[in-house]
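Okay, structure first, notes after.
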Amino acid sequence: MGTNKQSFSAPRGMRDFYPEDMPLRNAVFAAWHTAAGQHGFQQYDACVVETLDLLKKKSGDEIIGQIYDFTDKSDRELALRPEMTPSLARMVAARQNALRFPLKWYSIVQCFRYERMSKGRKREHFQLNLDIIGENSVLAEVEVISAATRALESLGLGPDDFCVHVSSRALLTDLLLKLDIPADHHPATFLALDKLGKISKEATSELLLTSGLDRSHVESVLSLLAIKSLDEANNILGAPTPASMRLSDFFQFMESYGLSDRVAFDISIVRGLAYYTGIVFEAFDRSKELRAIFGGGRYDNLLGDIGGNPAGGVGLGFGDVVLAELLTNKNSSIGVPNTADTGVGYMSEEQKPAAISLSLSLRQENILVDLALHPEKAKTFFSRADRSGFQQAIFIGPDDVASGTVRVKNLKTGEQQQMDLA
RNA sequence: GUGGGUGUAGCUCAGUUGGUUAGAGCGCCAGGUUGUGGCCUUGGAGGUCGCGGGUUCAAAUCUCGUCACUCACCCCA
């Protein structure tokens, strides 16, 4: 690209959506809307720009370095939202005394994060957010996951395609205490466990040692990762704890929802964000080639942390980038083409009025009509109609105007039918 | 932030030891066919070979720098 030439590519990490890209995006949004609606979630939305102050207070430390921030003309420090939860918490806190709980809210929003790009990760994406606020029952966790799996199912993705890995930070806390690891070491331990699977076991133990754990404790922490089931966890604990019983309830509910084949206990799920306190989960494709499809968990201190009255909840975030890759890998062709049903063309200026009035009357019948803007040769018109994806095409010449009828051509079958000119 | 890879037409890519006017397929436009698309056929438009310096009689080709894109790691939604 010459220095004088304008680059035509979108800024790094940003996406353009050409007409041929919209059917997939619209299908994904439609699946999200429908699944959320079926589960009784109400849609909300918020402004894209937030104050930097709110985001710093609420987001995790790593995220802060990735915020797209700027100063406006009045020196206000603002930012494009990197995630939806701070905005949601702000909106709920603003009306906390007027709202009836539990809230079940959802949104489909664009979020921005300045970070290095890799497969499945852009600097901008759309995500479905499902939140239930002010409800302690584990059924809240079940409902958000049920809604997300329903959306995947309506896009043709079932138990063979993905699995939701579930654990609990509360359970992990119980286990760490059982191993005599003091509570002030837990955050660092969570962080190290979250990294495992991404970095080597040696690097993880190194991380734990530098966080201040002694060598024997490091060994026992790593041994936790051998836990393959809730029963094994209970054996180590000696007796079920509230956290393990809660997980047990969760899996029973999932079974009664008919979703047992889509969930699995996985002690290694921790999640990076600091605000989760209970059950946490991430959905992966079965081959585990891609990043998490969706993820979330219970956050019981969210509103209190930003200065509202304490109220717990469950949140789930579900991005469109990994989902699109999954659908592409599966070669699924979803979405309806965003083109007109019927093309109307004409041979010369003399037939233009007839073409206009025909188009208007077809549109009255709610038919999507693409009216040619200038005369064309028949060959050009039909070729264009075909490539545009129209279902049918009507070409008006002098004879048609004289006879008062036109031929409607079905472009799939090639058949033509007579129709009166309105 | 670390380490690879790649930059030639709108797209996917050829381009020989450096050597005439830089090619193909697809796509686009038009003609063959002035009342009917897909097939066929003919033609056309479209490139300062990412950018800048160097070596050379001669650079898409060699060299140095730079920028961009991309993948893996790191990190994370």
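Below, chain A is the first sequence line, B the second, and so on; all start at residue 1. Only this structure's heavy atoms are used, side chains among them; waters, hydrogens and symmetry mates stay out.
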[N] and [M]: how far apart are their [atom1] atoms, nearest whole angstrom?
{"N": "B:rU8", "M": "B:rU36", "atom1": "P", "answer": "42 Å"}
{"N": "B:rG15", "M": "B:rG52", "atom1": "C1'", "answer": "24 Å"}
{"N": "B:rA68", "M": "B:rG25", "atom1": "P", "answer": "35 Å"}
{"N": "B:rG19", "M": "B:rU34", "atom1": "P", "answer": "47 Å"}

Can you tell me how far [atom2] of [N] sits from [atom1] of [X], to the nearest Å?
{"X": "A:Glu376", "N": "B:rG35", "atom1": "CD", "atom2": "C1'", "value": "13 Å"}
{"X": "A:Gln392", "N": "B:rG37", "atom1": "CD", "atom2": "P", "value": "18 Å"}
{"X": "A:Leu80", "N": "B:rA77", "atom1": "CG", "atom2": "P", "value": "19 Å"}
{"X": "A:Tyr346", "N": "B:rU34", "atom1": "OH", "atom2": "P", "value": "20 Å"}
{"X": "A:Leu411", "N": "B:rG38", "atom1": "CG", "atom2": "P", "value": "12 Å"}

Any strand counts, and the cut-off is 3.5 Å on both contacts for Watson-Crick or G-U wobble. Which nucleotide pairs with [N]?
{"N": "B:rA72", "result": "B:rU2"}
{"N": "B:rG18", "result": "none"}
{"N": "B:rA24", "result": "B:rU12"}
{"N": "B:rG43", "result": "B:rC29"}
{"N": "B:rU66", "result": "B:rG50"}

Answer with base, sugar-phosphate or nothing: what part of the nucleic acid does [X] contact at a heavy-atom distance below 4.0 Å?
{"X": "A:Arg407", "answer": "base"}
{"X": "A:Arg271", "answer": "sugar-phosphate"}
{"X": "A:Gly319", "answer": "nothing"}
{"X": "A:Gly295", "answer": "nothing"}

- Message: Can you see if the side chain of A:Arg387 gets near the phosphate of B:rG27 - specifically, an N or O under 4.0 Å from OP1 or OP2?
- Response: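 No, no such contact exists.
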- Would you check if there is a donor-acceptor pair between the side chains of A:Asn129 and A:Tyr44 at a distance under 3.5 Å?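 No donor-acceptor contact under 3.5 Å links the two side chains.
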- Distance-only donor-acceptor check, side chains A:Arg150 and A:Ser146, under 3.5 Å: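 No, no side-chain donor-acceptor contact under 3.5 Å.
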- Verify salt bridge (Lys or Arg N to Asp or Glu O under 4.0 Å) between A:Asp320 and A:Arg15, making sure each step is shown before the conclusion. CA-CA 12 Å; A:Asp320 69 327; A:Arg15 292 175 294 171; 3.0 Å; yes
- Nearest-nucleotide comparison on RNA chain B, the residue closer to the 5′ end among A:Phe395 and A:Gln127: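 The answer here is A:Phe395.
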- Please state whether the base of B:rU36 and the side chain of A:Lys409 form at least one donor-acceptor pair under 3.5 Å?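 By the distance-only test, yes, there is a pair.
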- Query: Quick one: does A:Lys377 reach the base of B:rG37 with a side-chain donor-acceptor pair under 3.5 Å?
  - Reply: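 Absent.
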- Query: What do you reckon, is CD of A:Gln42 surrounded by more than 12 foreign heavy atoms closer than 6.0 Å?
  - Reply: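 Not buried by this count: 12 neighbours or fewer within 6.0 Å.
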- Task: Report the relative orientation of the aromatic rings in A:Phe29 and A:His33; use parallel for angles under 30°, tilted for 30 to 60°, perpendicular for over 60°.
- Result: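 Perpendicular.
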- Query: Of the candidate nucleotides B:rG35, B:rC75, B:rA77, which contains the atom at the shortest distance from the side chain of A:His125?
  - Reply: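 Nearest nucleotide to the side chain: B:rA77.
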- Electrostatic pair A:Glu153-A:Arg262, nearest N-O below 4.0 angstrom: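 Salt bridge: yes.
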